[in-house]
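All remarks here apply to the structure that follows.
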Amino acid sequence: MELYDVMRTTFSARDFTDDPLPDETLFKILDHARFASSGGNRQGWHVIIIRDPHTREQLSALTEPAAKRYIAQMQAGESPWNSVDPTSVSAETIAQTSAPARLTEPVRQAAVVLVVCVDLKLVASIDQHLDRVGVISGGSVYPFVWNVLLAARHEGYGGTLTTLAVAQEPRLQALLGIPSHVAVAAVIPMGKPVKQLTRLRRGAVSEFTHVERWDGPPLQA
Ligand SMILES: Cc1cc2nc3c(=O)[nH]c(=O)nc-3n(C[C@H](O)[C@H](O)[C@H](O)COP(=O)(O)O)c2cc1C
């Protein structure tokens with residue numbers, strides 16, 4: 001595929017056919033994705049490739065608690081899990097909210113699930129002392145994660161970058177034998193999408209650009 005077509009059509013695939021995603025193709029995808037950038041080129045990523053149904057079952061269960069809160073906050077008109085505005089949603093409401101299948105089922109149904117981890121001993125977390133949630137550390141692993149999804153699209157496959165299970169990271173680490181200094185960045189169900197979406201909803205360039213200052217005018221074509 002042409003690069004811009006891949007970039008404009010790599011959607012979040014959550015419904016998969018029964019087609020397999022062979023190791024040979026997965027290897028090819030990862031062999032291209034590995035050219036992603038990382039801080040100091042330290043390449044702290046590790047990928048755990050999961051096909052075992054029992055493990056996927058547990059991944060699905062670990063997704064549920066965060067998904068319940070996500071949906072409860074959405075129903076309350078909040079931006080879910082944001083670290084700035086405290087939630088008005090009670091623990092009781094969250095407990096009573098059910099997690100929708102589109103958030104918990106893909107890891108069961110996909111041909112394969114990739115758990116992408118990053119070794120925090122290799123990441124320069126430049127914003128770690130700021131009085132806000134850290135974002136910089138992710139920069140040393142999400143370019144790789146996105147490369148995986150772009151390459152998968154190029155090969156006719158698809159997947160979704162998911163993070164809900166990471167709210168249960170200690171359990172994920174125990175389940176998969178991941179050391180405590182290695183963070184889980186993404187859980188990616190991958191397979192052949194039932195339908196290939198080609199029109200993604202994204203804001204226009206004028207909606208997110210500010211020339212010279214935050215209050216500057218948007219960039220024009
Ligand atoms: C950092 C990040 C975390 C995400 N976490 C989840 C998730 O836990 N579960 C999920 O189903 N989708 C998750 N997504 C996928 C987004 O919901 C999806 O990209 C967005 O809705 C746009 O969908 P589209 O790409 O199909 O247009 C995540 C995406 C990003 C970038």
Side-chain angles (χ1 to χ4, degrees), residues 1 4-16 33 36-38 45 47-48 50 56 58-75 78-84 94 97-118 123 125 127 132-154 156-169 171-172 175-176 183-205 207-208:
M1 287 180 71
Y4 284 165
D5 287 336
V6 175
M7 288 170 70
R8 294 179 83 107
T9 64
T10 299
F11 71 105
S12 298
R14 296 186 178 88
D15 297 310
F16 304 100
S37 164
S38 61
W45 48 70
V47 181
I48 303 177
I50 299 170
R56 287 127 148 301
Q58 293 182 71
L59 284 177
S60 176
L62 289 174
T63 305
E64 231 180 279
K68 285 158 79 84
R69 172 174 164 166
Y70 192 98
I71 297 300
Q73 283 197 263
M74 289 230 328
Q75 287 170 350
E78 298 178 355
S79 174
W81 282 94
N82 89 78
S83 61
V84 179
I94 293 170
T97 305
S98 43
R102 77 187 160 79
L103 296 181
T104 58
E105 287 305 296
V107 286
R108 282 190 235 248
Q109 288 168 0
V112 65
V113 178
L114 305 185
V115 174
V116 183
C117 308
V118 60
V123 172
S125 302
D127 55 354
R132 63 155 170 75
V133 72
V135 297
I136 300 296
S137 313
S140 279
V141 64
Y142 290 115
F144 170 81
V145 168
W146 192 244
N147 260 4
V148 169
L149 289 167
L150 293 176
R153 172 76 183 103
H154 185 64
Y157 292 88
T160 297
L161 189 175
T162 81
T163 50
L164 288 167
V166 185
Q168 304 290 325
E169 189 175 73
R171 289 193 174 122
L172 269 179
L175 176 67
L176 303 172
V184 178
V187 175
I188 312 177
M190 261 173 55
K192 186 82 77 178
V194 168
K195 201 172 162 204
Q196 192 67 61
L197 303 186
T198 52
R199 289 174 65 86
L200 311 192
R201 286 192 311 128
R202 301 290 189 267
V205 172
E207 292 173 49
F208 61 81

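Counting starts at 1 for both ligands and their atoms, in listed order. What you see below is based on every heavy atom in this structure, not just the backbone, and it leaves out hydrogens, waters and symmetry mates.
With 3.5 Å as the limit, one finds a donor-acceptor pair spanning the side chains of R153 and T9. Checked by atom type, the side-chain pair S137/S125 shows a donor-acceptor distance below 3.5 Å.
Among all non-hydrogen protein atoms, the one lying nearest atom 23 (O) of ligand 1 is S12 OG, 3.5 Å. The protein atom (non-hydrogen) at minimum distance from atom 8 (O) of ligand 1 is T163 N, 2.9 Å.
The pair D15-K195 fails the salt-bridge criterion, with no side-chain N (NZ, NE, NH1 or NH2) lying under 4.0 Å from an Asp/Glu carboxylate O.
Partners of P80 according to the side-chain contact (heavy atoms from CB on, under 4.5 Å) rule, which considers only residues two or more places apart in sequence or in another chain, are Y70, Q73, M74.
At a heavy-atom distance under 4.0 Å, only side-chain atoms of R14, from C-beta outward, approach ligand 1. With a 4.0 Å cut-off on non-hydrogen atoms, L103 touches ligand 1 through its side chain and not its backbone.
Under a cut-off of 6.0 angstrom, the local environment of CZ in R108 is crowded, with over 12 non-hydrogen atoms contributed by other residues, nucleotides or ligands.
Considering backbone and side-chain atoms alike, L164 places an N or O below 3.5 Å from some N or O of ligand 1.
Counting heavy atoms only, R202 comes closest to atom 27 (O) of ligand 1 of the residues R201, R199, R202. Taking each of T162, T160, L161 in turn, the one with a heavy atom nearest to atom 31 (C) of ligand 1 proves to be L161.
Of all heavy-atom pairs between V187 and T162, the closest is O-OG1, 2.6 Å.
Near F11, meaning under 4.0 Å from any of its heavy atoms, are these atoms of ligand 1: 25 (O), 26 (O).
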